[in-house]
Asks: 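Please see the structure below; I have some questions.
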Amino acid sequence: MQEDNGHGARSHHGHAGLLVLLAPLLTAGAALPAGREVAPAAVDRVFAEYDRHDAPGCALAVLRGGHVLYQHGYGMADLEHDAPITPATPFHVASLSKQFTAAALLLLVADGRVKLDDDVRQYLPELHDFGERITLRHLVHHTSGLRDQWELLRLAGWRHTLDLITDDDVRDVVTRQRGLNFKPGERFDYSNTGYTLLGFVIRRVSGQSLREFTTARLFAPLGMKHTHFRDDHAELVPGEAYGYAPGPAGRFRLSVTNYDTVGATSLLTTVEDLARWEAHVYEPRAGGASLGEQLAQRGRLRSGEEMDYAFGLLHGRYRSLPVLEHGGTDAGYRAYLLRFPEQRLSIACLCNVATARPADLVRQVADLYLADVFPAPLPPAQRAPVAVPAAELEGKAGVYWDRAKDQIRTITLDQGRLMMATSREPLPLQPLGGGRFQPGEFPVTITFEPPHGAAARLLFQEDESASVVHERVPPFQPSRSALERYRGRYYSEELDTSYEVELQGEQLVLKRRKYAPQILRPVAADVFVSPLGTVRFVPDAAGHPSTFLLTTARVQGLRFVRKG
C-alpha cells in the first residue's frame with residue numbers, strides 16, 4: 001500500500017496516483033454492442049452531491065463505441081463568477097496527460113525518427129550516465145529507476161502548487177541526480193520524471209513544443225478544439241474550471257496548479273473532447289489503428305514478467321470485466337477515464353474539488369450501463385475479525401525495517417488494537433487469525449512471524465504482489481548526549497540544498513527551507529523516521545556521522561554530506 005501523493009496509478013506492481021486507457025483497437029465499423037437504456041435521472045443521482053450552485057463539482061461523458069450516450073455538468077466551474085460546469089468546461093487533468101505524451105512519442109516512432117529502445121541520453125545527453133542504459137521504453141512504463149521529479153523538488157524546498165515549477169526546474173534537479181532507485185527494467189515504480197523527459201525528447205526530435213506537436217498531430221485532426229498542453233501558467237483559458245479544496249466554516253478555498261512543465265501533467269481538456277478521443281479508439285483517424293494497439297501494449301520487466309501498465313494507461317478488471325483506466329490528481333483537480341474494451345463503453349469524469357472520488361463515480365455509472373452484462377456479484381470475502389489475546393498483541397507492537405528500501409513500518413498498541421503508523425492517520429489492523437492482519441480496508445495482508453508470541457518480522461503483501469519482509473529492530477532510545485553527535489548542517493549536491501539537524505530538548509529536529517521543522521524519531525542505531533521519510537546516518541572511519549541517506553516513497557538513498 002502506497003499513499004497517493006497526487007500523481008499516482010494502481011497495479012499489482014504498486015500504487016501511484018491513478019491512470020487511463022487505450023485498449024486493443026476494435027475494428028472500425030463493427031456493430032455497436034447492444035446496451036441497456038439508462039435514464040438520465042439515474043445517472044444524475046450518482047452526482048447528486050455535486051449538483052449545486054454554491055460548490056464545485058464534476059463533468060461526465062458516457063459513450064458506447066463512437067456514440068455519446070450522455071454528457072452533463074454538475075456544480076460550478078468558477079465560484080467567484082457563478083459559472084456552471086458543462087461538458088465543454090476545460091479542466092486540468094493531471095496524470096491523464098500521460099497517454100497523450102505516449103501517443104505523441106509513438107507518432108515519432110511511426111515516423112521513423114525515434115525507436116522505443118533508444119537510449120534516452122541519445123536525445124538528452126545532459127542526463128547523468130548512471131552506468132545503466134535507460135531507454136525511452138523504460139520511461140514509458142515507469143521502469144527507469146529515475147527518482148520522481150515531484151519528490152525531488154519537494155525535498156529541494158519547492159512547495160507543490162505554491163511555487164512556480166517550470167521545465168527548467170525539473171531539468172535542473174533531474175540532471176543533478178547521481179543515483180537511481182533501482183536498475184532500469186528491474187521493477188515498476190511510478191515516476192513522473194519519465195514522462196517529463198519524454199516531453200523533452202519530443203521537443204528536440206520534432207523541433208516543436210509538446211503543445212504544438214500534439215495539437216497539430218492529435219488534437220486538431222480529432223476535433224479536440226478545447227484540448228492542449230498548458231505550458232504557460234499565466235495563460236487565460238475561457239471558461240476553465242478552477243480547482244477548490246474545503247476551507248473553514250464550510251467554505252471553499254482556491255486550489256490550483258502553478259506549472260510551466262508538461263508531459264507528465266498539464267493537459268487541459270473537456271469531457272466532450274475526451275469523448276472524441278475515445279471515439280477515435282473505435283473509429284481511428286489520427287495515428288491509425290496501430291497507435292491505439294500500441295498504447296495498450298503492456299510493459300515487461302527484465303525478468304520477463306508482464307506488467308499491468310501500458311503507455312500511459314493501466315490494465316485492470318472491474319466486476320470480472322477487463323478495463324483500461326487512468327486517473328489524475330493535482331491540487332483541487334481530480335480526473336478519471338475508464339474503458340470496458342469488450343463492451344466498447346467509456347466513461348470520463350473530471351472534477352474540480354479535492355474531495356471528489358471520480359474513480360468511484362465512473363464505476364457507479366458503469367454499474368448502471370452494464371447492469372445486464374456484469375456477472376452476479378460474489379458474496380463478500382469472509383475476512384471476519386477474530387479475537388486475539390491482549391498479551392499476544394503486545395508481542396507484535398514494535399518497529400519493523402525493510403533494509404533493502406529503508407522503509408519503516410511502525411506498529412503500536414492502542415486501547416487493545418494494533419495500529420500501523422502512516423504519514424496521515426494511523427490505520428487499525430484487523431486480526432484475521434494465524435498472525436495475519438488487514439490495515440483498514442486496504443487490499444493488504446500483514447503477517448507476523450512467528451504468528452504467536454513476540455514477532456521477529458513482518459511480511460507486507462499488497463494485492464497479488466510478493467511479500468516484502470520487514471525485520472523487527474530492537475527499541476532504540478539514545479540519550480541526549482548520544483543525539484548530540486548527529487547535529488550539523490548536511491548538504492545534498494543532487495538537490496543543491498542544505499538541511500539542518502538540530503537538538504531541541506531531548507529530540508532531534510530536521511529543518512529545511514520553506515517547510516516547518518520535523519522531528520526525527522529514532523528507530524534503530526543511526527536510523528530515524530519523520531514525515532519526510534527515513535533518515536539513515538552513515539558514520540565515517542572514526543565513527544562520526546559524516547553523511548545521511550534520505551529515502552521517501554519515490555526517492556531512495558539521496559545523499560547528504562555533513563558540512564558543519
Side-chain angles (χ1 to χ4, degrees), residues 4 6 17-18 20 38-63 68-97 161 224 226-227 230 236-257 265-278 325-338 346-369:
D4 179 24
L18 227 16
V20 161
V38 176
V43 180
D44 294 344
R45 282 194 290 272
V46 174
F47 291 85
E49 68 175 290
Y50 302 103
D51 198 9
R52 298 168 49 184
H53 298 289
D54 60 350
C58 304
L60 170 76
V62 184
L63 68 157
V68 174
L69 301 179
Y70 190 56
Q71 294 186 139
H72 200 68
Y74 308 89
M76 307 303 286
D78 183 346
L79 292 174
E80 291 180 278
H81 300 97
D82 293 327
I85 292 172
T86 75
T89 298
F91 287 76
H92 171 93
V93 298
S95 286
L96 282 191
S97 309
T161 77
M224 298 170 67
H226 301 291
T227 299
R230 187 179 197 160
L236 297 178
V237 179
E240 74 171 304
Y242 290 98
Y244 297 92
R251 300 173 67 87
F252 290 95
R253 295 176 58 85
L254 201 62
S255 179
V256 297
T257 57
T265 185
S266 295
L267 188 77
L268 236 61
T269 190
T270 69
V271 292
E272 281 186 343
D273 277 2
L274 288 177
R276 293 183 177 95
W277 176 251
E278 282 296 278
E325 57 189 329
H326 207 293
T329 301
D330 254 341
Y333 298 100
R334 301 292 183 269
Y336 215 87
L337 192 51
L338 177 69
S346 299
I347 307 168
C349 180
L350 308 179
C351 304
N352 66 331
V353 59
T355 53
R357 298 176 64 88
D360 294 338
L361 294 171
V362 296
R363 281 164 169 76
Q364 291 178 51
V365 174
D367 288 342
L368 297 174
Y369 282 92

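Positions are given from 1 along the sequence. It should be emphasised that the depicted structure is a prediction, and the values quoted were computed from it without experimental measurement.
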Asks: Between Arg334 and Thr355, is there a side-chain heavy-atom distance shorter than 4.5 Å?
Replies: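 They are not in contact (no side-chain heavy atoms under 4.5 Å apart), so the answer is no.
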Asks: For the CG atom of Leu96 and the CH2 atom of Trp277, what is their distance to the nearest 0.5 Å?
Replies: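 Nearest 0.5 Å value for the CG-CH2 distance: 12.0 Å.
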Asks: Measuring from atom CG of Leu350 to atom OH of Tyr333, what distance do you get when rounded to the nearest 0.5 angstrom?
Replies: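 The OH atom of Tyr333 is 11.5 Å from CG of Leu350, to the nearest 0.5 Å.
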Asks: Who are the disulfide (SG to SG under 2.5 Å) partners of Cys58, not counting sequence neighbours?
Replies: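 Cys58: disulfide (SG to SG under 2.5 Å) contacts with Cys351.
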Asks: Going by the rule ring-ring contact (aromatic ring centres under 6.0 Å, His included), which residues pair with His72 if we only count those two or more places apart in sequence or in a different chain?
Replies: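 Applying ring-ring contact (aromatic ring centres under 6.0 Å, His included) to His72 gives Tyr70, Tyr74.
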Asks: Decide yes or no for Leu338 and Val365: does some side-chain heavy atom of the first lie under 4.5 Å from some side-chain heavy atom of the second?
Replies: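 Contact flag for Leu338/Val365 side chains = no.
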Asks: Is there any side chain to side chain donor-acceptor pair (under 3.5 Å) pair reaching into residues 242-257, and which pairs are they, with sequence neighbours excluded?
Replies: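 Found none.
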Asks: Arg52: what forms a salt bridge (charged side-chain N to carboxylate O under 4.0 Å, His left out) with it, not counting sequence neighbours?
Replies: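 Asp54.
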Asks: Looking at every non-hydrogen atom in both residues, tell me the closest pair between Ala88 and Thr270 and how far apart they are.
Replies: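 Scanning both residues completely, I find the closest heavy atoms to be O-CG2, 3.3 Å.
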Asks: For a side-chain contact (heavy atoms from CB on, under 4.5 Å) check, start with the C-alpha distance between Leu60 and Val43, then their side-chain angles and the critical distance, and finish with the verdict.
Replies: CA-CA 10 Å; Leu60 170 76; Val43 180; 3.3 Å; yes
Asks: Got a sec, which residues hit salt bridge (charged side-chain N to carboxylate O under 4.0 Å, His left out) with Glu240, two or more places apart in sequence or on another chain?
Replies: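 For Glu240, the residues satisfying salt bridge (charged side-chain N to carboxylate O under 4.0 Å, His left out) (neighbours in sequence not counted) are Arg230.
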Asks: List the steps, then state whether side-chain contact (heavy atoms from CB on, under 4.5 Å) holds for Val93 with Leu337.
Replies: CA-CA 10 Å; Val93 298; Leu337 192 51; over 6 Å; no
Asks: How far apart are the closest heavy atoms of Ala348 and Leu274, and which atoms are they?
Replies: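 Smallest interatomic distance, heavy atoms only, reads CB-CD1, 4.0 Å.
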Asks: Under a 4.5 Å cut-off applied to non-hydrogen side-chain atoms, are Met76 and Pro56 in contact?
Replies: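 No, too far: nothing below the 4.5 Å cut-off.
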Asks: Can you sort out the partners of Asp51 under salt bridge (charged side-chain N to carboxylate O under 4.0 Å, His left out), two or more places apart, ordered by chain and number?
Replies: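 With sequence neighbours excluded, Asp51 shows a salt bridge (charged side-chain N to carboxylate O under 4.0 Å, His left out) to no residue whatsoever.
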Asks: How many angstroms lie between CG in Leu63 and CZ in Arg276, if you round to the nearest 0.5 Å?
Replies: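 The distance works out to 11.5 Å.
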Asks: To the nearest 0.5 Å, tell me how far Arg363 CZ sits from Ile347 CD1.
Replies: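 Nearest 0.5 Å value for the CZ-CD1 distance: 9.5 Å.
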Asks: Of the non-hydrogen atoms in Ala59 and Ile85, which two are nearest, and what is the gap between them?
Replies: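 Between these two residues, the closest heavy atoms are CB-CG2, 3.8 Å.
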Asks: For Asp273 and Met224, work out which heavy atoms get closest and say how close.
Replies: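 So the minimum-distance heavy-atom pair works out to OD2-C, 3.2 Å.
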Asks: Kindly compute the distance separating OH (Tyr50) from CG (Leu361), expressed to the nearest 0.5 Å.
Replies: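 Separation between the atoms: 5.0 Å.
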Asks: Kindly compute the distance separating CG (Leu79) from CG (Asn352), expressed to the nearest 0.5 Å.
Replies: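 That separation rounds to 7.5 Å.
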Asks: Short question: side chain of Thr86, backbone of Gly73 - any donor-acceptor pair under 3.5 Å?
Replies: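 Flag not set: sc Thr86 to bb Gly73 has no pair under 3.5 Å.
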Asks: Check whether any side-chain N or O of Asp330 sits under 3.5 Å from a backbone N or O of Ser95 as a donor-acceptor pair, and report yes or no.
Replies: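 Side chain of Asp330 to backbone of Ser95, a donor-acceptor pair under 3.5 Å: no, none is there.
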Asks: Indicate the atoms forming the closest heavy-atom contact of Val68 with Gln71, along with that distance.
Replies: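 Nearest pair, atom of Val68 first, then Gln71: CG1-CG, 3.5 Å.
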Asks: Taking all non-hydrogen atoms of both residues into account, name the closest pair between Phe47 and Cys349 and its distance.
Replies: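 Looking at all heavy atoms of both residues, the closest pair is CE2-SG, 3.8 Å.
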